[in-house]
Enquirer: 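Following this message is one structure expressed as structure tokens.
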Amino acid sequence: MAFDDSFVEQVRNSVSVVDFVSRYVPLKKSGREYGALCPFHNEKTPSFWVNEEKQIFKCFGCGVGGDVFGFVMQMENLSFPEAIRFVAESCGIPLPASGRVSQKQIEEKNRLFKLMELAGRFFQEALRASGGHQARQYLDSRQIDSATIQAFQMGCAPPGNVLLQRILQQGYTRQDALACGLAKQNERGEVYSNFRSRIMFPIRDLTGRIIAFGGRILGDGRPKYLNSPETDLYVKSRHLFGLDVARDEIRRLDQAILVEGYFDCVVPYQFGVKNVVASLGTSLTSGHVSLLARFSRNAVINFDPDLAGAKATMRSIDLLLEEGFQIRVMQLPGGQDPDTFVRENGVEAYRLKIEQAPPFVEYILEKQLQEVKDAFSPAGKREIVTRILPYLQRMADNVERAEWLNRVAVRLRVDEGLLWSELRKMPRRKGKPQASGASVEKSDQVEESGVTLSEKVLLAAVLEPTLCTAVFEGTDEELFAGLETESLFRTVFDLRHQGQELSVHKLRSESTDEQMRDLVERMAFKEVDVPVDEDHVRGSIACLRREQNRRRRIELKSRLAEPGLDFKVQMELMAQLQSLSRKGHAPREAAAGAGNA
């Protein structure tokens, strides 16, 4: 950790999670909690809740939850130490001068951020200077105006080692320049400027800090586009170009347009289509998709129609489906890219193409019809059906799936019933559900997790000071042996024995199981099917005792069935079995309040 535990607790306890979340999301009070539409996925019915008393938030639609630091990490794409610093500084809490384990690393990272900011200003100054004449001419030829240049902080890199000289003059070292990708070192050990004679595009994180650069060559030369290498500041798979300026529009329109190149992003933005983002010289990754899903789960893919673009489109469809996106694919006529199309045909023509972009299934179907040899022969139809059914299976909406199954059947001239039959034969594939505002049914969640209602009741009770004692008086660690929540309740008992507070934050931080952390968050909001009171606590304990006895009986019977068992051991096992059987027939009135789900 970058900060010690006492400071983290100080910041957490000094901040109202409701006040902080409301800076980003309009919250509405409902009972003891506050609700809203989730900022991390698209929904029509609020499933995002904030609890002031326990200082946590939870979305019951997409599952994201945590404390104020977790919220900031999600919203601002920050690491845990960065989120602590962000919250502390936002609320006027002074940072400690010492006591941070990674203080040196944090200072070094901040030094690199300042160096990248220096480089950004240098490139902008170079564009305005007399030496930037060729770059300005090039931007004029692409119809890039001054407002867009300013919005994206574009600039140009002069030839030679001018940037490196400026870096050294400002007190930075060659190692600093190498560490953030502004310089390279050749085989002879000579350090030189990485970017020369290029139009420069700063790559920024969601807070607007420059973390990398992309450069387009001026004139002839290779490579045409050069991007910063990955550094401590920059991981390609976690950032999308233009998202820092496009995210509000993406959220407002509930739609993101995915393009490939810098100019494909910048030109539509300049002409009024401001919900455009670009991948950074690499294929779309799961990290990109998770980042984008925080602002919208509706995507229009507008990649180049060449072979590489088609492969990138198919890969993107797979990744977007995993996050429950609604996907459409837009292909521009004549193989044009968005930059060229908008400049030659105007922004209204581009908007019309966006509106007319077909759903991804239609794109895949037409692509298969073109690629599969003799597509309408029995073998060709079989091949196309085999390729397209997995995509239909992954559709979360049953009505939408049925509609597309019918369209595919009509297009291929095959019996729709046969397609349904083939679809049913396919093994079910687990993936993230479509985010439509409706959360997963509780019964399904219980079935998938294997957590009983009794375990849920007791966990919710542990988190309530008035009920906590009742849980510990009637249970021990062994009661949960073999259950899904065994590790979680062992942590509960450990904290109890150590005299530590049983808070949501403590249980989350101590648990290494993501499913159990999710369960803690849900139970903090008392997401159970019965009231959590002393009667239900006692009933839940009784249910788990019966289940414990049942498991023990199975174990004893298994041992009794072992061949060559010693007679004395056999009699001891039978006595234990009879004792458990008597307990199993004890009155069950106490368990009337709870049962297993």
Side-chain angles (χ1 to χ4, degrees), residues 142 201 214-217 220-227 236-237 239-242 256-268 273 276-289 292 299-323 325-345 349-350 353-354 356-377 379-392 394 404 408 411-412:
R142 304 291 289 257
F201 298 88
R216 202 273 185 198
I217 194 73
D220 298 328
R222 292 287 176 183
K224 184 176 179 181
Y225 283 93
L226 176 65
N227 296 315
K236 290 181 181 180
S237 62
H239 301 281
L240 289 165
F241 177 74
I257 301 170
L258 294 172
V259 298
E260 291 184 285
Y262 296 108
F263 283 106
D264 291 336
C265 178
V266 168
V267 171
V273 180
V276 185
V277 293
S279 55
L280 293 160
T282 182
S283 299
L284 203 69
T285 67
S286 58
H288 292 143
V289 174
L292 194 61
V300 178
I301 302 173
N302 187 197
F303 293 164
D304 292 344
D306 57 15
L307 182 60
K311 287 183 177 179
T313 297
M314 293 300 295
R315 172 174 168 76
S316 299
I317 289 172
D318 283 329
L319 292 170
L320 291 164
L321 280 175
E322 291 297 322
E323 282 283 351
F325 272 72
Q326 292 281 356
I327 311 161
R328 292 186 290 143
V329 179
M330 175 168 62
Q331 290 190 296
L332 299 174
Q336 290 182 307
D337 55 30
D339 165 29
T340 306
F341 183 88
V342 170
R343 287 190 288 109
E344 293 185 359
N345 299 278
Y350 188 65
K353 289 292 183 184
I354 295 171
Q356 295 174 344
F360 76 94
V361 180
E362 184 174 326
Y363 168 81
I364 293 174
L365 178 58
E366 294 304 317
K367 187 171 182 292
Q368 299 306 319
L369 287 170
Q370 295 172 15
E371 292 180 356
V372 173
K373 184 178 180 181
D374 199 5
F376 289 96
S377 68
K381 291 180 181 181
R382 161 58 62 186
E383 186 174 349
I384 293 174
V385 167
T386 300
R387 291 183 184 182
I388 204 168
L389 280 185
Y391 291 97
L392 296 178
R394 291 162 69 185
W404 277 106
V408 171
R411 187 75 174 87
L412 293 178

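These numbers come from the heavy atoms of this one structure, side chains and all, not from hydrogens, waters or symmetry mates. As the structure is a computational prediction, the values presented were derived from the model and not from experiment.
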Enquirer: Under 3.5 Å, is there a donor-acceptor pair between the side chain of N302 and the main chain of M330?
Expert: yes
Enquirer: Any non-hydrogen side-chain atom of M314 less than 4.5 Å from a side-chain atom of Y363?
Expert: yes
Enquirer: Side-chain contact, heavy-atom cut-off 4.5 Å: L319 with F325?
Expert: no
Enquirer: Answer yes or no: is there a side-chain heavy-atom contact under 4.5 Å between L258 and L320?
Expert: yes
Enquirer: For the pair F241 and Y262, name the ring-plane relationship: parallel under 30°, tilted 30 to 60°, perpendicular over 60°.
Expert: perpendicular
Enquirer: Can any side-chain N or O of D264 pair as donor or acceptor with the backbone N or O of D339 at less than 3.5 Å?
Expert: yes
Enquirer: Quick one: closest heavy-atom pair of R411 and E366, and the distance?
Expert: NE-OE2, 3.1 Å
Enquirer: So, do Y391 and I327 sit near enough that their side-chain heavy atoms are less than 4.5 Å apart?
Expert: no
Enquirer: What's the shortest heavy-atom distance between P223 and I217, and which atoms?
Expert: O-CB, 4.0 Å
Enquirer: Any donor and acceptor pair, going by atom type alone, linking the side chain of K381 with main-chain N or O of L412 inside 3.5 Å?
Expert: yes
Enquirer: What's the separation between atom CZ in R394 and atom CG in L389, rounded to the nearest 0.5 Å?
Expert: 13.0 Å
Enquirer: Cation over ring, R142 on F263, under 6.0 Å and within 45°?
Expert: yes
Enquirer: What are the two closest non-hydrogen atoms of L284 and R315, and how far apart are they?
Expert: O-NE, 3.2 Å
Enquirer: Between S237 and T285, what is the shortest heavy-atom contact and its length?
Expert: O-OG1, 3.1 Å
Enquirer: If the threshold is 4.0 Å, N to carboxylate O, is there a salt bridge linking E362 and R328?
Expert: no
Enquirer: Specify the closest pair of heavy atoms between L292 and A256, including all atoms of both residues, with the distance to one decimal.
Expert: CD1-CB, 3.8 Å
Enquirer: How far does CD1 of I364 sit from CZ of R387, to the nearest 0.5 angstrom?
Expert: 11.5 Å
Enquirer: Has the side chain of E260 got a donor or acceptor atom that lies under 3.5 Å from a matching backbone atom of D304?
Expert: yes
Enquirer: Would you compute the distance between atom OG of S286 and atom CG of D318 and round it to the nearest 0.5 angstrom?
Expert: 12.0 Å
Enquirer: Taking the side chain as every heavy atom from C-beta outward, state whether T313 and K367 have any atom pair closer than 4.5 Å.
Expert: no
Enquirer: Taking K373 first and then E383, would you say they form a salt bridge - that is, a charged N and a carboxylate O separated by under 4.0 Å?
Expert: no
Enquirer: Which atom names give the shortest non-hydrogen contact between V259 and P338, and what distance separates them?
Expert: CG1-CG, 3.8 Å
Enquirer: Take F303 and V329, measure what side chain to side chain contact (heavy atoms under 4.5 Å, CB included) needs, and give me the verdict at the end.
Expert: CA-CA 9 Å; F303 293 164; V329 179; over 6 Å; no
Enquirer: Taking the side chain as every heavy atom from C-beta outward, state whether P268 and F341 have any atom pair closer than 4.5 Å.
Expert: no
Enquirer: As an exercise, state the distance from CG of N227 to CZ of F201, rounded to the nearest 0.5 Å.
Expert: 10.5 Å
Enquirer: Could you tell me the separation between the CD atom of Q370 and the CG atom of L365, rounded to the nearest 0.5 Å?
Expert: 10.0 Å
Enquirer: Is there a donor-acceptor contact under 3.5 Å from the side chain of H288 to the main chain of A278?
Expert: no
Enquirer: So N345 and K353, side chain to side chain contact (heavy atoms under 4.5 Å, CB included) or not? Walk me through it.
Expert: CA-CA 11 Å; N345 299 278; K353 289 292 183 184; over 6 Å; no
